[in-house]
Structure formats: structure tokens, C-alpha cells
Amino acid sequence: MTQATARAYPNIALVKYWGKANEDLILPAAGSMSMTLDDFATTTTVTLDETDSFSLNGAEQGEAGASRVIAFLDLVRNFARTAGLDTADQNARVVSVNEGPTAAGMASSASGFAALAVAASSAYGLELSIRDLSRLARRGSGSASRSLVDRFAVWHAGDDQSSYAEEIPAPDMAMIAVPVATGQKAVSSRKGMVATATTSPFYPAWVTSTEEILKEMIGACKDSDFTLVGEIAETHAMRMHAVIAASRPSIRYLSPTSLEVFDRIAQLRADGIETYGTADAGPNVFAITRPEHAEVVSERLRDLTKDGEAKVLRPGRGAHLVGD
Ligand code: DP6
């Protein structure tokens, strides 16, 4: 096959990834855990072509915009070469459409590289397992490794072979997206991680405590203990923002409105509607609740959003070829 189309969804971490053990191979300093969403898809078509090119949401990308995608294609070509495939010397056209708010920091690099891993490996004729696709997607963006997996994923720390994501059982839940701002974030995750690891005095404690809390989270998921899952998720998100804020110079991703959302979530809990919050490297918050409370939570958080919409999201499917 010389053309393939894949679709992938973003994932939101309940135990966060923040810091690398190896920058080149994108190996995380600690494991993490996430829910794959069922909306904000990225759909990517890869077609073998005369030259490498990349179009995103209808806009042709220049050298800077295409460089990470082309570096990823080089990786796929290396795999094709090792597998003895004669596609290894061919260039490719990549056309991506993102249904999520790309600039809003809604985990678009995760769905983007997960879809690209599936589409490109197929177009180049590689037949990879989900595990190997997860390892491949990891090389584009760490969190993308988790978007290969249906519903709930654990991404293991380890070496190039052993650092992949796999599905774990977890209690059923809903996430409510609370977008409070658009626009590019001030410091990219990639740069923010390096700054944290090199300047935050709390970083070693962050890494060791993340491994401990991940074990606790996996246990809570196995026991289908939604309360413990929620408590761990909110605590761990706050710890991530704390270790980041302790960088020098300080980095702050949460805005005053983000904190208002966390206060509102605490109020929901006080009112008996069990809800927890999490936020990635940006001001947008995701509320976690039991499915039966999703609509009420969305209603109660709506006025704090940018556009008056707090979308209800459910566990979704891992990256897959369209037509599969
Ligand atoms: C805060 O996966 O975007 O969303 O591996 O450098 O591409 P790179 O970083 P990326 O970082 C995601 C960080 C996070 C937490 C998480 O998703 O676990």
C-alpha cells in the first residue's frame, strides 16, 4: 500500500508525564496513565510522493512547521530500511486535519503523532503491533504513545524496547473539557520539561513520587475505585504544576480562571457531586466525574469556559486505520 489514512484521539493523563530520561528516544523519567478521548480527532493521510510535504488543517506547512513531521518520516523510513522494504527511499505527503482546538493546548500533538505513526507505517508497508506503534508514536511526542490504546492506558518508563503504552481496566468515567483560553502556550511542554528537570529543586521528589502514585493509581483502577482514581488524579496534577512553578525562572501554566474551575469542582464535591480536576501544560481544565453526573457537571462549569461550552467526553478508541 502506498497510501493510508488513520484517525487518533487525544488523551488526558490522570498520572502525568513531565520529564525525560532520554531526550532523543523520548523515554520518560517515570510512567504515566491516561484516558483516551472520544472526540477532537486528528485524521491523517500519508501518501508516498516525490518530495516530503505536510499540510495541517488545509494550510501548507513550511520548513519549520514540517520539521518534526519529516523527522518522524525519517524514523519510519529507517524502520522500513531495516525491514528490507523498497519503500525506504521514498518521500511522502502528509495531510492532517485536526478537529480539536489545536492552539488551545488540547493535547493535539498526542493525536497528531499517534495518527501519523499508524498512517505512515502502513503507507511504507510496515506491519507493526499496537505495542510497536506505541513505541514509534512515542518518538514523535511522548504522550502520543498513549493514544494508540483504547480507553485507559499506562505508559511504562523503561528503555526503547520496554517503554510503550498498554490498556488497563478502569472504572467508567466521563471527562468534561473546560477550555478557558485559546492561543499558543507560553512555554512548550518540551522546553518546560527541560527547565523543570534542570532548575526545579523538587524534580527528584516529583519523579520518585510519580512512580509510587502510578502504582497506587493502577491498583485503584483495578479495584474500580472511582473516588481514589479522582483524588490521585487531582493531587498529581497539582504536584505537576507545583514542580513546574518551582523552576527558575518560574513557569506557570494555570491562569486565575483555571483556579476558579478547580474551586468550582471542589464546590461540586461539597454538594455531593463527586468531581475532580486535572490540567496539562496550559490553562485548560478537565473535570473527571461519574458518567451519570456528566451533564450536571458540564452545566455547572459552562460559565467559566471561553465559549460557553463544556463538552462531555467519554473513553475512546486507540489510533486506527480508517476503514478498520
Ligand atoms: C503535561 O507529550 O507533549 O500533557 O514528549 O516533549 O512531545 P513531548 O511532550 P508531550 O508532553 C505532555 C505533557 C503533559 C502531561 C501528559 O500528557 O502526561
Side-chain angles (χ1 to χ4, degrees), residues 8-37 40 42 67-69 71-72 75 98 100 102-117 134-149 152-157 160 163-165 175 177 184-198 200 203 206-207 210-211 213-214 217 232-245 247 251-254 258 277-286 288 319:
Y9 298 98
N11 66 79
I12 299 298
L14 302 181
V15 172
K16 304 287 184 193
Y17 147 56
W18 193 260
K20 296 179 178 71
N22 182 313
E23 308 241 341
D24 209 35
L25 294 170
I26 312 206
L27 298 172
S32 56
M33 180 259 166
S34 63
M35 179 175 120
T36 301
L37 307 181
F40 305 143
T42 299
S67 66
R68 262 175 89 176
V69 166
F72 192 84
L75 206 64
N98 209 317
T102 306
M106 290 275 198
S108 59
S109 72
S111 55
F113 280 102
L116 182 59
S134 171
R135 291 176 50 233
L136 175 62
R138 188 198 79 217
R139 304 281 297 271
S141 185
S143 54
S145 66
R146 298 185 308 237
S147 278
L148 262 298
V149 176
F152 296 92
V154 165
W155 171 26
H156 304 286
D160 184 36
S163 184
Y164 56 85
M175 272 197 193
Q184 219 72 40
K185 52 190 160 194
V187 183
S188 70
S189 297
R190 199 151 284 193
K191 288 193 177 133
M193 283 184 201
V194 174
T196 307
T198 52
S200 178
Y203 183 72
W206 158 255
V207 173
T210 296
E211 282 298 0
I213 223 169
L214 178 62
M217 177 62 105
I232 294 174
E234 186 165 317
T235 298
H236 196 255
M238 287 306 167
R239 284 185 182 172
M240 181 185 81
H241 288 282
V243 73
I244 293 171
S247 300
I251 300 169
R252 185 167 55 88
Y253 289 115
L254 299 177
S258 322
T278 186
D280 284 338
N284 299 318
V285 179
F286 285 81
I288 307 153

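For the numbers below, each heavy atom of this structure counts, side chains included, while hydrogens, waters and symmetry mates do not. Just so you know, ligand 1 is whichever comes first in the structure, and atom 1 is the first atom listed for that ligand.
- Distances between N or O atoms of N11 and those of ligand 1 include no value under 3.5 Å.
- Within ligand 1, the atoms closer than 4.0 Å to a non-hydrogen atom of R190 are 5 (O), 6 (O), 7 (O), 8 (P), numbered from 1 in the order shown.
- If you look at S143 next to ligand 1, the close heavy atoms, those under 4.0 Å, come from the backbone and the side chain alike.
- Residue-ligand proximity, S109 to ligand 1, at heavy-atom distances under 4.0 Å covers atoms 3 (O).
- In this structure, R138 has no heavy atom closer than 4.0 Å to ligand 1.
- At a threshold of 4.0 Å, the pair D24-R139 does not count as salt-bridged, since none of the basic side-chain nitrogens sits closer than that to a carboxylate oxygen.
- For an aromatic pair to be called close, the ring centres must be under 6.0 Å apart, and Y9 with F40 fails this.
- Taking the six-membered ring where the residue is Trp, the centroids of W155 and Y164 are separated by 6.0 Å or more.
- Of the heavy atoms in I26, only side-chain atoms (C-beta onward) come closer than 4.0 Å to ligand 1.
- Those atoms of ligand 1 that come under 4.0 Å of a heavy atom in K20, given as number and element, are 5 (O), 6 (O), 8 (P).
- Under the 4.0 angstrom criterion for non-hydrogen atoms, S32 is not in contact with ligand 1.
- You'll find the ring centres of W18 and H236 outside the 6.0 Å limit.
- Using a 3.5 Å distance cut-off with no hydrogens or angles, the side chains of S147 and N11 do pair a donor with an acceptor.
- The ligand atoms of ligand 1 that sit less than 4.0 angstrom from a heavy atom of M193 are 9 (O), 11 (O), 13 (C).
- The option with the heavy atom closest to atom 17 (O) of ligand 1, from among H241, H236, R146, K16, is R146.
- Residue-ligand proximity, G142 to ligand 1, at heavy-atom distances under 4.0 Å covers atoms 2 (O), 5 (O), 7 (O), 8 (P).
- Within the 4.0 Å heavy-atom criterion, the part of A13 lying near ligand 1 is the side chain and not the backbone.
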For the pair S32 and R146, evaluate side-chain hydrogen bond (donor to acceptor under 3.5 Å, both in side chains) and give the outcome as yes or no after the intermediate values. CA-CA 9 Å; S32 56; R146 298 185 308 237; 2.8 Å; yes
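- Distances shorter than 4.0 angstrom occur between a heavy atom of R68 and an atom of ligand 1.
- Among the candidates L214, I213, I232, the single residue satisfying the side chain to side chain contact (heavy atoms under 4.5 Å, CB included) test with M33 is L214.
- Here the closest heavy-atom approach between residue T210 and residue K16 is recorded as CG2-O, 3.9 Å.
- The heavy atom nearest to atom 7 (O) of ligand 1, out of those in S141, A144, A281, is found in S141.
- Without hydrogens or angle criteria, S258 side chain to P283 main chain gives a donor-acceptor distance under 3.5 Å.
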